[in-house]
Undergrad: 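First, the structure itself, so that you have it in front of you.
Quick caveat, the model's predicted, so the values are computed rather than measured. Each chain gets a letter, A, B and so on, in the order its sequence line appears, and its residues count up from 1.
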Amino acid sequence: MHAMLAKGQEPRSEEAPFSILDDDGNVRGGVQAPEVSDEKAIALYRGLLQVRLVDDRMMKLQRQGRLGFYMLSMGEEATHFGGAYPLRASDWIFPSYREPGAFFWRGYSIKDYTNQLFGNAEDPVKGRQMPVHHSAKWINMVSISSPVGTQIPQAVGMAWAAKISKKEDVALVYFGEGATSTGQFHVGMNFAGVYQAPVVFFCRNNGWAISTSGDRQTASSSFAIKALAYGMPGIRVDGNDLLAIIAVMEDAVERARKGLGPTLIEAVTYRRGGHSSSDDPSQYRDPAEVVRWEAHDPIERWRRYLEQRKLWSEALHEKFTKEITDELMVALKHAETVGAPPVESLFDDVFAELPPHLLEQRAELLAMPRAKSGHGS
Amino acid sequence: MHAMLAKGQEPRSEEAPFSILDDDGNVRGGVQAPEVSDEKAIALYRGLLQVRLVDDRMMKLQRQGRLGFYMLSMGEEATHFGGAYPLRASDWIFPSYREPGAFFWRGYSIKDYTNQLFGNAEDPVKGRQMPVHHSAKWINMVSISSPVGTQIPQAVGMAWAAKISKKEDVALVYFGEGATSTGQFHVGMNFAGVYQAPVVFFCRNNGWAISTSGDRQTASSSFAIKALAYGMPGIRVDGNDLLAIIAVMEDAVERARKGLGPTLIEAVTYRRGGHSSSDDPSQYRDPAEVVRWEAHDPIERWRRYLEQRKLWSEALHEKFTKEITDELMVALKHAETVGAPPVESLFDDVFAELPPHLLEQRAELLAMPRAKSGHGS
Amino acid sequence: MPVMNIIQAVNDALKLEMRRDARVVVLGEDVGKFGGVFRATSGLFEEFGKDRVMDTPLAEAGIIGAAIGMALYGLRPVPEIQFADFIYPAYDQIVNELAKFRYRSGGQYPAPVVIRTPYGGGIRGGHYHSQSPEAYFVHTPGLKVVVPSNPYDAKGLLLSAIRGEDPVIFLEPKRVYRAARGEVPEGDYTVPLGEAKIVRSGSQLTVLTYGAMTHTCLEAAKQSEAAGFDPEIVELRTLLPLDAETVLQSVRKTGRVVIAHEAPKTCGYGAELAALIAERALLSLEAPINRVAGFDTPFPYTLENEYLPSPDRVAAAIKQTATF
Amino acid sequence: MPVMNIIQAVNDALKLEMRRDARVVVLGEDVGKFGGVFRATSGLFEEFGKDRVMDTPLAEAGIIGAAIGMALYGLRPVPEIQFADFIYPAYDQIVNELAKFRYRSGGQYPAPVVIRTPYGGGIRGGHYHSQSPEAYFVHTPGLKVVVPSNPYDAKGLLLSAIRGEDPVIFLEPKRVYRAARGEVPEGDYTVPLGEAKIVRSGSQLTVLTYGAMTHTCLEAAKQSEAAGFDPEIVELRTLLPLDAETVLQSVRKTGRVVIAHEAPKTCGYGAELAALIAERALLSLEAPINRVAGFDTPFPYTLENEYLPSPDRVAAAIKQTATF
Ligand SMILES: Cc1ncc(C[n+]2csc(CCOP(=O)(O)OP(=O)(O)O)c2C)c(N)n1
Ligand SMILES: Cc1ncc(C[n+]2csc(CCOP(=O)(O)OP(=O)(O)O)c2C)c(N)n1
Ligand SMILES: [Mg+2]
Ligand SMILES: [Mg+2]
């Protein structure tokens with residue numbers, strides 16, 4: 001166990017979150033870092049970079065009016081990988097809308113990603129949801145929902161089902177600190193405590209919920225402390241320190257898998273961009289805050305760590321950048337040329353089979369002249 | 001301050017709840033008891049007795065088929081008075097269904113009470129709700145609801161409104177330990193913490209929620225500890241010790257009134273009867289548990305305390321018993337003779353004024369032959 | 001064949017299916033050792049143990065939220081909501097999540113959860129133990145809504161619901177939980193969803209109803225018969241998908257319609273039935289469509305018998321419509 | 001007279017009423033300093049301060065639960081729910097508590113809360129930023145339901161709602177939040193609840209609609225006019241209480257009815273309108289009642305334009321019904 005607090009021990013917000021790497025990528029003295037192989041360490045770097053590059057591109061497309069909507073996660077990328085990395089492929093992830101890296105880590109392609117954003121005929125969710133609401137059953141990534149917090153009790157149910165089914169699978173559920181205010185957070189955490197469900201609650205505390213700052217969400221001394229209300233351990237971790245997140249996640253997953261119950265992780269990070277492409281954060285927060293957090297960039301920190309391990313080079317970086325960019329360009333071109341899903345697909349998947357009233361409504365629509373439908377913008 | 005824990009200090013269930021009186025009515029050494037005048041101490045005794053006698057009678061009536069439904073609070077009476085006593089008349093109480101003593105303390109008469117149970121034409125709620133769902137605006141007792149937990153955010157709203165309105169009024173909200181599992185508990189507590197609303201959360205931990213024992217509701221080490229998740233103090237108190245409850249309530253009300261924010265009180269007591277007249281607890285719990293708790297009867301403890309203060313006598317007890325019983329008999333006789341509310345009242349109070357469709361529906365009903373309507377059974 | 005009441009039939013269906021299919025689990029408040037406040041899950045805990053019959057904390061959002069997660073993983077959860085009136089804390093999970101999971105995931109994540117809950121008035125429960133919320137669910141695409149009225153259908157419909165691939169709101173008419181008794185085959189059989197039943201053939205007018213009101217309408221029919229009328233009573237059994245064919249056939253035959261339900265009239269399920277008929281069978285109509293429903297007030301306590309559509313009220317509507 | 005869009009008109013009403021009545025307070029997610037995600041509360045925080053314009057934690061149940069408590073105490077809260085799609089966590093507070101408080105307390109505790117929330121599709125928001133939940137609230141006794149379509153009515157209806165003594169669900173058509181512009185008197189005026197408006201007189205058939213669909217229907221009417229039809233368009237403005245007189249008068253005049261709304265068809269508000277007409281004006285009808293509504297699927301993303309009833313679809317229904 002690297003950093004886990006004993007049950008009932010009280011984390012405090014005044015205390016610095018658990019951290020392994022300093023901003024220069026050095027392992028702090030006295031802490032035991034998890035083992036990450038050279039290969040994986042590099043793959044993680046590539047993943048971080050991919051999220052950053054993809055986000056960047058998509059925001060530009062959105063500004064150009066080529067994409068309807070986007071949500072970026074600049075500055076929070078370490079949470080995506082720190083959460084997903086310690087899991088087995090058979091474990092399930094219940095994501096919120098701000099962890100695309102968790103999808104990528106499990107093999108969701110840039111092409112899948114882009115098709116979803118454009119809601120085209122090849123979108124894995126068949127153009128049914130807004131951009132950034134992915135779903136990928138083949139890699140145990142559960143369908144993202146807009147309503148905040150609803151995935152929390154669902155993740156508990158899945159984990160509990162695994163336990164009932166005598167499987168070793170673990171659930172990881174991501175949410176923002178704003179989500180801790182919902183009733184869903186409470187009932188999910190409470191059920192998990194009572195049933196000792198193998199679930200890890202991952203709170204990305206990025207400081208903001210749209211225009212609402214973290215200190216307006218709760219008067220508690222931290223988000224991690226809320227774990228005590230459910231008889232489970234809670235731990236604060238530096239959300240921009242990938243190695244530290246991996247460490248606390250490994251502990252939490254191990255506990256879950258051993259039948260020792262759930263854990264709440266509060267990863268302290270910062271939402272450097274707007275809430276979404278519809279948001280303008282300069283209206284409600286001091287830009288200096290953003291600048292301060294840029295100094296703690298999680299990708300730069302990982303880069304320096306790799307450098308220390310002699311795993312990073314400018315050339316490698318360029319190679320990855322090119323690979324990712326090329327893949328992205330191909331995917332975008334493809335996504336924009338693929339048409340909208342067929343009109344009749346509107347009626348599929350409401351139920352397993354089309355009941356009579358939907359058959360009628362489908363016939364009615366198909367008999368009408370086709371409406372203009374601009375997918376992707 | 002008698003017993004308040006410092007903010008952030010952690011109460012533990014292993015620790016005995018705060019207590020002042022032992023089972024023999026002695027003030028324990030080393031604690032500072034609140035001052036309760038002779039007159040008030042006796043009035044409290046009369047109140048406790050009244051709840052017990054009324055409950056007893058109503059359960060009998062229910063068994064005889066003269067009353068449709070009843071919920072008794074045997075063994076939990078101290079919580080009714082300990083909560084209500086330290087408040088001013090201008091403070092508001094949001095009760096659950098198991099604190100009739102709080103109504104009585106504020107002057108709700110046995111006649112009001114009985115009329116409500118019978119849902120007759122003199123019922124303060126006009127026969128609209130099940131028995132034990134009282135409402136008495138004239139004494140700031142808010143309408144009782146069946147859905148568990150809904151009153152919690154409402155109480156916070158009222159308290160917050162008082163603060164906004166620069167009034168000194170405080171809210172007291174009662175609920176069972178089962179209610180702490182609801183989303184409503186969480187959102188209410190959280191709002192109260194954020195707005196530092198002048199509200200006291202009073203959790204009657206009576207060990208059971210219908211057939212579900214307290215340890216199935218949550219894995220936390222106590223209910224009081226949940227306060228930490230909202231940045232407020234939480235305290236466990238012996239729920240059968242009226243003096244101890246008064247002490248912690250006085251602290252909590254003082255804090256609220258001074259603008260120091262909310263408090264969670266967990267009063268540890270026991271539901272000696274069934275959940276309601278429809279319930280048979282022998283199906284799910286060991287009767288020995290009930291016997292054990294009889295030894296900690298809150299009324300007997302208060303009686304012994306009065307005895308120590310030379311305020312109690314058999315004669316006084318007999319006098320009170322007779323007064324209460326007489327009043328009850330008159331009220332019952334009255335309640336059973338008063339008829340049902342007028343049929344047309346069915347349509348009143350849906351809105352401030354009857355809209356056209358309700359005028360029509362009323363006319364329709366009044367034109368029909370009268371249905372059989374058995375109130376009170 | 002054994003004679004059962006509805007509670008026993010529901011219990012029988014659950015036992016049968018839990019024996020047949022290890023994926024079926026039951027969860028809810030007091031459903032375990034206690035067997036549920038109406039005893040519908042009685043004996044399950046003893047037979048199937050705490051991993052398949054789960055007492056939950058008091059939180060409907062948690063019950064349904066967890067059931068969804070279980071269903072995604074491959075189980076067949078049959079959660080119980082103690083009273084339909086307490087389903088609203090789970091409304092977000094039901095309406096925004098359960099109903100949309102298959103659709104929003106492009107068919108990747110079906111969530112076959114069957115929510116059982118007792119509904120309706122007539123037990124002197126006031127507005128929080130008497131509501132009939134069916135219209136809220138029928139209006140929500142992605143949910144099937146089933147309401148039996150007798151033990152035979154209760155068992156057969158519940159088995160169909162659990163074996164189906166879609167989320168189902170299964171509303172149990174608690175007013176006749178014990179009163180409605182009848183023969184129920186011991187073993188396995190199903191009643192398919194989406195099929196209405198003509199419970200009384202008649203020539204003169206069509207009464208559309210479901211759930212506990214089926215019994216009220218049958219009683220009303222007796223009165224009407226005595227007064228010389230001949231109503232046909234169609235019990236819908238499944239509200240969504242509706243067996244529109246059976247409904248429209250009957251209406252085309254009789255040309256007159258009375259619709260009866262307990263829920264408030266305005267925007268109730270009867271509105272949909274009336275609208276469907278006004279759309280598909282208007283020219284067959286010889287009289288205005290007559291809705292007999294709960295009034296548009298919260299459900300009362302003392303005046304419950306005035307509130308609930310009585311056999312008298314239904315009979316009066318039959319007379320009015322038949323003689324229009 | 002200044003020209004405003006609906007957001008500005010709502011903002012104007014809030015400012016006016018908050019100046020006039022110190023009991024009026026606003027609360028919700030991001031409504032404070034930020035002025036709401038649609039800017040409807042912009043400037044209120046600066047003028048009235050944090051005690052009357054309150055940013056809340058992310059919990060709709062808390063927003064409405066607290067608003068109820070405030071109203072009981074005597075304030076006039078006007079909570080905002082950021083999107084109608086996110087109102088469901090507060091459904092229990094709305095349906096079981098807010099709607100029933102006056103009734104269940106025997107008239108002792110009125111709870112005049114006005115819940116403002118943007119509803120409807122057409123902004124490419126997928127199913128969680130597009131729903132039209134009006135039927136859920138119309139079916140709940142104790143709530144009034146109001147849906148404006150233009151800035152003048154938005155201001156006047158909102159002022160009536162806040163000054164009334166009842167809880168109101170005030171649904172704002174976000175699709176035309178900015179597009180629907182018009183003259184709005186600067187000072188105080190009200191538009192009474194419960195009065196429909198004939199927005200186009202016609203002789204041949206009646207189109208019943210409300211909210212954003214009013215504009216769709218007006219566009220459809222232009223097409224229909226060009227094709228030689230003469231529809232009358234009745235905009236309901238208040239769904240409950242409904243101005244049944246205006247509706248029925250128009251139907252009795254024209255004998256033909258098209259009903260248009262965005263919400264799913266089955267058990268939508270259109271069902272109630274059709275049922276009312278089939279009950280009260282059946283003999284005037286010369287054609288089946290034609291509902292043009294959202295399909296019975298969750299609201300889609302890419303195919304939103306196919307899902308939403310378009311002017312073409314309404315015009316087709318007008319033609320079909322007029323020529324029946
Ligand atoms: C139940 C609900 N209420 C409101 C919203 C609107 N909304 C979308 S995201 C958001 C803020 C979420 O903040 P947080 O949980 O901290 O996540 P972050 O965006 O910071 O990742 C809000 C209020 C919603 N989606 N769901
Ligand atoms: C939301 C909701 N769910 C379920 C119920 C049914 N129910 C009524 S009381 C109760 C148990 C409440 O237990 P607790 O909160 O401990 O209060 P107590 O009865 O012990 O005083 C339950 C489950 C309800 N009234 N409301
Ligand atoms: Mg956040
Ligand atoms: Mg209890």
Undergrad: For the residue pair Trp208(B) and Tyr284(B), categorise the inter-ring angle as parallel (less than 30°), tilted (30 to 60°) or perpendicular (more than 60°).
TA: tilted

Undergrad: Check each atom of Tyr88(C) against the heavy atoms of chain B and say whether the ones under 4.5 Å are side chain, backbone, both or neither.
TA: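 Looking at Tyr88(C), nothing touches chain B.
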
Undergrad: At a heavy-atom distance under 4.5 Å, which candidate from Asp312(C), Thr297(C), Leu308(C), Asp30(C) has the highest pair count against chain B?
TA: Asp30(C)

Undergrad: Check whether Ser130(C) gets within reach of chain B through its side chain, its backbone, both or neither, counting any heavy atom under 4.5 Å.
TA: neither

Undergrad: Can you tell me which portion of Glu364(B) sits under 4.5 Å from chain C's heavy atoms? Options are side chain, backbone, both or neither.
TA: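 When you check distances to chain C, only side chain atoms of Glu364(B) fall under 4.5 Å.
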
Undergrad: Classify the angle between the aromatic ring planes of Phe299(C) and Tyr307(C) as parallel (below 30°), tilted (30 to 60°) or perpendicular (above 60°).
TA: tilted

Undergrad: Atom CG in Leu44(C), atom CZ in Arg52(C): separation rounded to 0.5 Å?
TA: 9.5 Å

Undergrad: Look at Thr180(B), Thr150(B), Thr212(B) and state which one has the largest set of heavy-atom pairs under 4.5 Å with chain C.
TA: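 Looking at each option in turn, the highest pair count goes to Thr212(B).
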
Undergrad: Check each atom of Ser145(B) against the heavy atoms of chain C and say whether the ones under 4.5 Å are side chain, backbone, both or neither.
TA: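 Both parts, backbone and side chain.
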
Undergrad: Using 4.0 Å as the upper bound for N to carboxylate O, is an ion pair formed by Lys126(B) and Asp348(B)?
TA: no

Undergrad: Would you give the length of the straight line joining atom CD1 of Ile318(C) to atom CG of Asn290(C), rounded to the nearest 0.5 angstrom?
TA: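 With rounding to 0.5 Å, CD1 (Ile318(C)) is 9.5 Å from CG (Asn290(C)).
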
Undergrad: Non-hydrogen atoms of chain B under 4.5 Å away: do they reach the side chain of Phe86(C), the backbone, both or neither?
TA: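 Just the side chain, heavy atoms under 4.5 Å.
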
Undergrad: Between Arg236(B) and Glu266(B), does any NZ, NE, NH1 or NH2 come within less than 4.0 Å of an OD or OE carboxylate oxygen?
TA: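 A salt bridge links Glu266(B) with Arg236(B).
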
Undergrad: Ring centres under 6.0 Å, that's the criterion: do Phe103(B) and His134(B) meet it?
TA: yes

Undergrad: Answer yes if the ring centres of Phe83(C) and Phe38(C) are under 6.0 angstrom apart, and no otherwise.
TA: yes

Undergrad: Cut-off 3.5 Å, side chains only: do Lys111(B) and Asn115(B) have a donor facing an acceptor?
TA: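 Short answer, no.
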
Undergrad: So for Pro281(B), is it side chain, backbone, both, or neither that comes closer than 4.5 Å to the heavy atoms of chain C?
TA: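 Pro281(B) has no heavy atom closer than 4.5 Å to chain C.
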
Undergrad: Looking at side-chain heavy atoms only, is the closest gap between Ile64(C) and Tyr91(C) below 4.5 Å?
TA: no

Undergrad: In terms of heavy-atom pairs under 4.5 Å, which option from Gly125(C), Pro89(C), Gly126(C) contacts chain B the most?
TA: Gly125(C)

Undergrad: What residue in Leu358(B), Leu346(B), Val350(B) has the most heavy-atom pairs under 4.5 Å with chain C?
TA: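 Option with the greatest count: Leu346(B).
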
Undergrad: Using heavy-atom distances under 4.5 Å, tell me whether Asp279(B) contacts chain C through its side chain, its backbone, both, or neither.
TA: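 Only the side chain of Asp279(B) comes within 4.5 Å of chain C.
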
Undergrad: Where on Asp85(C) is there a heavy atom nearer than 4.5 Å to chain B: the side chain, the backbone, both, or neither?
TA: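 It is neither, since no heavy atom gets under 4.5 Å.
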
Undergrad: Please determine if Glu336(B) and Arg66(B) form a salt bridge, counting it only when a charged side-chain N lies under 4.0 Å from a carboxylate O.
TA: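 Here Glu336(B) pairs with Arg66(B) in a salt bridge, since their nearest N and O are under 4.0 Å apart.
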
Undergrad: Counting only non-hydrogen atoms closer than 4.5 Å, does Val148(B) touch chain C with its backbone (N, CA, C, O), its side chain (CB onward), both, or neither?
TA: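 Looking at Val148(B), just its side chain touches chain C.
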
Undergrad: Between Asp55(C), Asp296(C), Thr266(C), Thr56(C), which shows the greatest number of heavy-atom pairs under 4.5 Å with chain B?
TA: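 Most heavy-atom pairs under 4.5 Å with chain B: Asp296(C).
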
Undergrad: Where does Glu60(C) contact chain B at under 4.5 Å (heavy atoms): side chain, backbone, both or neither?
TA: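 For Glu60(C), there is no contact with chain B at all, as no heavy atom is under 4.5 Å.
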
Undergrad: Using heavy-atom distances under 4.5 Å, tell me whether Met368(B) contacts chain C through its side chain, its backbone, both, or neither.
TA: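 Side chain only.
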
Undergrad: Looking only at heavy atoms and a cut-off of under 4.5 Å, which of His127(C), Lys265(C), Lys33(C) has the most pairs with chain B?
TA: His127(C)

Undergrad: If I measure from the heavy atoms of chain C, does Ile210(B) come under 4.5 Å with its side chain, its backbone, both, or neither?
TA: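 For Ile210(B), the contact with chain C is made by backbone and side chain together.
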
